[in-house]
Amino acid sequence: MLEHIFIIVAQTQTAPAKFFKFFTKKPYNHVSLSGSADLSDMYSFCRTYTFTPLPATFNREIVGKGTLGLFDNIPCEIYKIAVTERQKEEYYSIIRHFINNRDVYSYNIIGILPLYFNIEYNRKNSFTCSQFVAYTLDKIGISLEKHFSLYTPDDFRSFPEAELFYIGELNSFYNKLHSNERKTIMSS
């Protein structure tokens, strides 16, 4: 049976996101992973607290809450990658590992500069959002074209295994999907 993993590239209006956008000139400067199309289990390396960029580490992201709840307009693209059942199980195993060992990991703030200059830099237990996504895909057997530490959020927009699933505004996608679920539940 064919399964999917979802890659969400987005652009919030936080100060760091604006800073990265200024330097990268790319439309999106954050990337997350989800094991479900409804984004109910979305994860990334990002800020831990809503109003401060640091500390940052592995976190569950919830559309409409936390940092993602601060903005009414979050442009995004969502891609799906076909995976086997085994790869999907491995994906969830990796996510559980990060959840259970969250206090060991940190955001790779030092790795941003080498990444900007396309220099491979692998810092133990430390990831940027895009490094986390690439690392996870690599660990479940999705081929990478370069070392995971060299991936940027924009790279996933042309990732060979990825198929565009949605383009638009993140809150609208999430709210429409979840309001349809509520209607289905209420009518049954």
Side-chain angles (χ1 to χ4, degrees), residues 4-48 50-54 56 58-82 107-121 127-138 142-178:
H4 290 95
I5 291 172
F6 298 85
I7 299 173
I8 304 93
V9 288
Q11 181 68 35
T12 65
Q13 297 304 314
T14 64
K18 289 178 183 179
F19 175 80
F20 292 138
K21 187 171 186 170
F22 175 79
F23 282 101
T24 66
K25 308 292 187 229
K26 303 295 183 187
Y28 308 104
N29 288 285
H30 182 63
V31 63
S32 309
L33 280 174
S34 180
S36 59
D38 68 0
L39 309 183
S40 60
D41 63 342
M42 195 164 87
Y43 295 95
S44 190
F45 269 70
C46 55
R47 62 178 62 204
T48 300
T50 303
F51 298 104
T52 61
L54 295 174
F58 176 79
N59 286 296
R60 179 175 179 210
E61 296 180 297
I62 302 171
V63 178
K65 297 191 178 178
T67 304
L68 295 180
L70 295 176
F71 307 101
D72 294 331
N73 184 19
I74 304 173
C76 77
E77 292 177 7
I78 301 172
Y79 294 87
K80 65 180 181 178
I81 295 180
Y107 188 86
N108 191 6
I109 193 98
I110 295 168
I112 292 173
L113 193 58
L115 178 60
Y116 182 75
F117 290 107
N118 203 33
I119 298 169
E120 188 177 312
Y121 179 74
F127 296 88
T128 64
C129 60
S130 54
Q131 291 167 345
F132 158 71
V133 171
Y135 172 86
T136 302
L137 295 176
D138 182 54
I142 304 291
S143 296
L144 300 182
E145 296 178 326
K146 54 189 174 182
H147 190 267
F148 76 85
S149 70
L150 296 175
Y151 275 82
T152 67
D154 197 63
D155 290 329
F156 296 102
R157 299 178 68 215
S158 58
F159 196 74
E161 305 286 329
E163 176 186 340
L164 184 62
F165 180 69
Y166 171 81
I167 185 169
E169 201 282 315
L170 185 61
N171 293 300
S172 298
F173 171 81
Y174 187 81
N175 291 335
K176 182 177 180 183
L177 185 67
H178 289 273

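When ring centroids are compared, Phe159 and Tyr79 stay outside the 6.0 Å threshold. Between Phe6 and Phe165, the ring center distance clears the sub-6.0 Å criterion.
Within the 4.5 Å cutoff, the side chain of Ile7 has no heavy atoms near those of the Ile78 side chain. Side-chain contact between Thr128 and Tyr151: absent, with no pair of heavy atoms (C-beta onward) separated by less than 4.5 Å. Taking 4.5 Å as the limit, every side-chain heavy atom of Phe71 sits out of range of all side-chain heavy atoms of Glu169. Looking at heavy atoms from C-beta onward, Pro153 lies out of side-chain contact with Lys26 at the 4.5 angstrom threshold.
Atom OG1 of residue Thr14 and atom CG of residue Leu68 lie 10.0 Å apart, to the nearest 0.5 angstrom. Here the straight-line distance linking atom CG of Asn29 with atom NZ of Lys18 works out to 13.0 Å at 0.5 Å rounding. One finds the CD1 atom of Ile81 at 8.0 Å from the CZ atom of Phe156 (value rounded to the nearest 0.5 Å). Rounding to the nearest 0.5 Å places CG of Asp72 at 12.0 Å from CG of Leu170. Distance check, rounded to the nearest 0.5 Å: OG1 of Thr136 to CD1 of Ile5 gives 8.5 Å. Interatomic distance, Thr52 OG1 to Leu54 CG, rounded to the nearest 0.5 Å: 7.5 Å.
Ring geometry for Phe45 versus Phe132: interplanar angle of 30 to 60°, hence tilted.
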*Would you sort out whether Lys146 and Asp155 count as a side chain to side chain contact (heavy atoms under 4.5 Å, CB included), showing the intermediate values?*
CA-CA 11 Å; Lys146 54 189 174 182; Asp155 290 329; 3.0 Å; yes
*Go through the steps to decide whether Leu39 and Phe173 satisfy the test side chain to side chain contact (heavy atoms under 4.5 Å, CB included), and finish with yes or no.*
CA-CA 10 Å; Leu39 309 183; Phe173 171 81; 3.8 Å; yes
*Given Leu70 and Phe51, is the side chain to side chain contact (heavy atoms under 4.5 Å, CB included) satisfied, shown in steps?*
CA-CA 9 Å; Leu70 295 176; Phe51 298 104; 3.7 Å; yes
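Between the side chain of Asn59 and the backbone N or O of Arg47 there is at least one donor-acceptor pair closer than 3.5 Å. Checking side-chain atoms of Gln11 against main-chain N and O of Ala17 turns up a donor-acceptor pair under 3.5 Å. The backbone N or O of Glu120 lies less than 3.5 Å from no partner atom in the side chain of Ser149, so there is not a single donor-acceptor pair. Checking side-chain atoms of Asp41 against main-chain N and O of Ser36 turns up a donor-acceptor pair under 3.5 Å.
Looking at Asp154 and Thr24, their side chains never bring a donor and an acceptor atom within 3.5 Å of each other.
Listed here is the closest heavy atom pair of Ser34 and Ser40: OG-N, 4.3 Å. Among all heavy-atom pairs drawn from Pro53 and Ala56, the shortest one is O-CB, 3.6 Å. Closest heavy-atom contact between Lys21 and Pro27: NZ-O, 4.0 Å. For the pair Ala134 and Leu144, the tightest heavy-atom approach, listed with the atom from each and the gap, is O-CD1, 3.5 Å. For the pair Thr12 and Ile74, the tightest heavy-atom approach, listed with the atom from each and the gap, is CG2-CG2, 4.3 Å. What you find for Leu177 and Ala37 is that their closest heavy atoms are CD2-O, 3.8 Å.
Open room surrounds NZ on Lys65; 12 or fewer heavy atoms of other groups in view lie less than 6.0 Å from it.
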Please list, one pair per line, the donor and acceptor atoms closer than 3.5 Å that link side chains of residues 107-119 to other protein atoms, with sequence neighbours excluded.
residue : atom : partner : partner atom : Å
Asn108  : OD1  : Gly111  : N            : 2.9
Asn108  : ND2  : Gln131  : OE1          : 3.1

